[in-house]
There are 2 protein chains.
Amino acid sequence: MATISDVARAAGVSPATVSRVLNGGRVSPERAERVRRVASELGFSPNRVARSLRTQQASVIGLLIPDIENPFFTALARGVEDASRRTHLSVVLCNTDEDVEKEARYLDVALAEQMAGVIVAAASPRRSDFSALDARGTPVVAVDRRPGAATVDAVMVDDQRGGDEATAHLLDRGYRRVACVTGPADTAASEERLAGHRAAMRAAGIPDAWIRAHTRHADLRVEGGRTAMAELLTLPEPPDAVLVTHDLLTVGALEALRTAGVEPPAFGVLSFGDVPWASLVRPPLTTVRLPSYDLGVAAATLLQERIAGSTGPRRTVTLRPDLHPRASTSGPTPG
Amino acid sequence: MATISDVARAAGVSPATVSRVLNGGRVSPERAERVRRVASELGFSPNRVARSLRTQQASVIGLLIPDIENPFFTALARGVEDASRRTHLSVVLCNTDEDVEKEARYLDVALAEQMAGVIVAAASPRRSDFSALDARGTPVVAVDRRPGAATVDAVMVDDQRGGDEATAHLLDRGYRRVACVTGPADTAASEERLAGHRAAMRAAGIPDAWIRAHTRHADLRVEGGRTAMAELLTLPEPPDAVLVTHDLLTVGALEALRTAGVEPPAFGVLSFGDVPWASLVRPPLTTVRLPSYDLGVAAATLLQERIAGSTGPRRTVTLRPDLHPRASTSGPTPG
DNA sequence: GTGAAAGCGCTAACAT
DNA sequence: ATGTTAGCGCTTTCAC
C-alpha cells in the first residue's frame with residue numbers, strides 16, 4: 001500500500017501538500033493536479049486508521065441492533081444507511097442479540113475504534129450503559145427503545161397510540177369483545193401497545209375487569225401466541241376479536257384460531273408489524289405498520305447533527321405507526 | 001480517555017510494561033496486578049486505532065452482504081458472528097444492496113480501516129473486485145457467490161445438487177410433469193438449481209424439449225413468480241408439480257395456483273429456502289433448506305485460519321442443502 | 001502556498 | 001523482567 005509519503009516523493013512535493021490536496025487545503029492548481037494524478041497512478045487510498053489516530057475521530061458510525069433476523073430492525077438499518085449515504089459516513093452494523101454483555105462489547109469496540117457516533121436499540125432499558133461513550137463525547141442516539149437512565153437523543157415509535165388506534169378500529173368495525181395478546185410485561189413496546197388498547201376499551205365503556213381478564217402476556221414466540229389465543233377462546237365470555245402486538249405471536253394466534261374453527265373476519269384479527277407474508281394469509285391481515293425505515297432515517301439525521309457539533313438539548317422524535325385496514329377486520333357480520 | 005501512558009505513570013511503571021500486561025508479555029505478578037488495578041480505576045480501555053496503526057492489523061472483520069433484509073443472509077451473519085465470538089474478532093456488517101459501487105465503497109473502508117479480513121457475498125460475479133485487498137494481503141473469503149476471476153477461499157451451497165434432489169423427490173412421489181420456476185438467467189444460484197432440475201428430469205427420461213418448454217425465468221419478486229406460474233398453467237400440456245427456486249417466487253406461484261383453483265398436494269409444490277411462514281401455508285410446504293447459518297460458520301472459520309497466517313492453497317468448501325419433505329408434495333393422488 | 005517537524009496512542013526491537 | 005526508543009501514516013501548527 002502506498003502511503004502519503006510515497007505520493008509526496010513521486011510528485012516532488014511534501015507530505016503536507018498531499019494531505020492538503022486530499023482535505024481541501026490551499027494548494028496551487030497545477031501541483032494539486034499533479035498530486036492527484038500521481039495518487040491515482042499509485043492506487044493510493046488514505047489510511048483511515050492513521051487519520052483517525054491523528055484527528056481523534058473516525059468516519060464510521062456504529063448501529064447496534066438486538067436482532068438482525070428481525071425484519072423490523074433490518075428495515076431500520078436500511079433507513080440509517082440511506083440517510084448516511086450522502087454524508088461521508090459509513091455504517092457498520094453490530095448484532096447484540098438482546099444480550100447486554102455483547103452490547104457492552106460492541107460499545108467498547110465503538111469507543112476503541114473511535115467511531116464518530118452510535119445508534120443503538122438498547123438490549124436492556126436498565127442495564128445498557130452508554131456512560132463511557134458519553135464521557136468521551138461520542139454522540140449516541142437511542143432508537144426504538146429508550147434506555148432508562150441515559151440522557152441521549154432518541155427516536156421512538158408511539159406504541160401506545162398504535163394500540164389505541166388499532167383497538168378503536170376494531171370497535172369501530174363492530175367488534176365488541178376485543179381481547180389482547182401482548183408480549184412479556186417487561187418489554188416496553190408490549191406494555192405501551194397494551195396501554196393503548198386499554199385506553200380505547202375504556203373509552204368504549206368496557207369495564208377494567210373485563211379488559212384484564214381478556215389480556216394475555218405471552219413469550220415472543222409462535223408457541224406463546226398459540227397458547228395465549230387458545231386460552232382466550234375457552235373463556236366463559238370469549239372475545240370476538242383480538243389485537244396481537246407482535247407478528248410472531250400472530251402466527252401462533254392464527255394457528256390457534258384455525259384449530260378452533262374460528263375464521264376472520266367473523267372473528268377480528270389485527271396485528272402489529274407489517275409482515276411480508278400478509279398477502280398469503282386469507283383473509284389478508286389488517287396491520288399496524290411500524291415506521292421502521294423512517295425510524296432509521298430520523299436516528300441517522302439526529303446523529304449527523306450531533307457529529308457536526310450541535311449542542312442543543314436532548315431531543316426525542318416520536319413517529320406514529322399507521323393502520324392498514326384489510327379484510328381480517330371487515331366486521332363480525334357477513335357483508 | 002486515559003491512555004497507556006496515564007496508566008503507566010499512575011502505576012509507576014513504563015508504558016511498555018502496561019502494554020505487556022495487556023498483551024500477555026512477561027511481567028512480574030505484583031506489578032501486573034498493580035497495573036491492572038490502576039487501569040480499571042482509570043477506566044482505561046486501549047485505543048484500538050493506535051494499536052491498529054502500529055500492528056498494521058485490526059481486530060475487526062467485515063461481512064459484506066447484498067441484502068440485509070433477506071433472512072438467508074441474516075442467518076448467515078449469525079453464523080459468522082457465533083463463530084467469531086470465541087476469537088477476539090468483532091464482526092461488522094455492511095449492506096451492499098446488490099450494488100457494485102456500494103460494495104466497492106465498503107471494500108475501501110475495509111482496506112482503509114485495516115480490517116483483519118473480509119467475508120463477502122459478491123454483488124456481481126464479474127465486477128466485484130478484491131484485488132486491492134489481495135494486494136495488501138487482507139484475507140478474503142467468498143460466501144454463497146463465487147466471484148468469477150478472483151482466486152479466494154470460498155464457501156458455497158451445492159445448488160445443483162439441491163435442485164436435483166428436489167426434482168427427484170417430486171418424481172419419486174409420483175408427479176410426472178414437473179415444471180420449474182427459477183430466477184433470472186444471470187444469477188448463478190438460479191441457473192445451478194435449474195441445472196439440477198434438468199439433470200433429474202433427464203434421468204427420468206423426459207425429453208429436453210419438454211423440460212425447456214416448462215421452465216420459466218422470473219424476476220426475483222412476488223409478481224415474477226405469479227406471472228411465471230400462471231403461464232405454466234395455460235400450457236397445452238400443463239405441469240402437475242413445480243419446483244420454485246426462490247421463496248419470494250414461491251409466494252407469487254402459490255397465489256397463481258390459488259387463483260387457478262389448483263391445490264397442493266394434488267399439484268406438487270416444492271420451494272427452495274425454508275421460509276418462516278411455512279407453517280402458515282396449507283398444506284405445509286416441502287422445502288430445500290439452505291444451510292445459511294453453517295455457511296457463515298464455515299466462512300468465518302476459513303477466514304480465521306487465514307488471519308492466523310495459514311498460507312495453503314485456496315480452498316472451496318461446499319455445503320449441501322437438505323430436503324424437508326412436507327405435505328405439499330405428498331403425491332398427486334389422494335391418500 | 002509550501003515544507004519541516006511534532007505527535008496522536010500504541011507496540012516491538014533493543015538495551016539493560 | 002523492565003525501560004528506552006523509534007515509528008506506524010497521517011494532520012496540523014509553525015515558520016518561511
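Reminder, nothing fancy here: chain letters follow the sequence lines and each chain counts from 1.
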In this structure, how many angstroms lie between the P atom of C:dA5 and the CZ atom of A:R54, rounded? 16 Å
For D:dG9, take OP1 and OP2 only and decide whether either is under 4.0 Å from a side-chain N or O of A:T3. no
To the nearest Å, how far apart are B:D6 CG and C:dC8 C1'? 13 Å
For the side chain of A:S19, counting heavy atoms from C-beta on, which of C:dT11, D:dT11, D:dC10 is nearest? D:dT11
N or O in side chain of A:Q56 less than 4.0 angstrom from C:dG9 OP1/OP2: yes
For A:F44 and A:T3 the tightest heavy-atom approach is CE1-C, 3.5 Å
Report which part of the nucleic acid B:R48 touches: base, sugar-phosphate, or nothing (heavy-atom distance under 4.0 Å, all strands). nothing
Smallest heavy-atom separation, B:P313 atom then B:D153 atom, equals O-OD1, 4.3 Å
OP1 or OP2 of C:dG3 under 4.0 Å from side-chain N/O of A:T17: yes
Looking only at side-chain atoms of A:I4, point me to the closest of D:dT11, C:dC8, D:dG7. D:dT11
Pair B:T138-B:R136, side-chain donor/acceptor within less than 3.5 Å: yes
Tell me whether the OP1 or OP2 atom of D:dT2 has a side-chain N or O from B:S28 closer than 4.0 Å. yes
Length of the line joining A:E30:CD and C:dG1:C1', which is rounded to integer Å: 10 Å
Can you find a side chain N or O atom of B:N47 that sits less than 4.0 Å from OP1 or OP2 on C:dC8? no
Specify the separation, in whole Å, of atom CZ of B:R26 and atom C1' of D:dT2. 13 Å
Nearest-nucleotide pick for A:S14, side chain only, options being C:dA4, D:dG3, C:dC10: C:dA4
Does a side-chain N or O of B:R31 approach OP1 or OP2 of D:dG3 to a distance below 4.0 Å, or not? yes
Looking just at side-chain N and O atoms, do B:Y293 and B:D82 make a donor-acceptor pair shorter than 3.5 Å? yes
With a non-hydrogen cut-off below 4.0 angstrom, is B:V13 in contact with a base, only sugar-phosphate, or nothing? sugar-phosphate
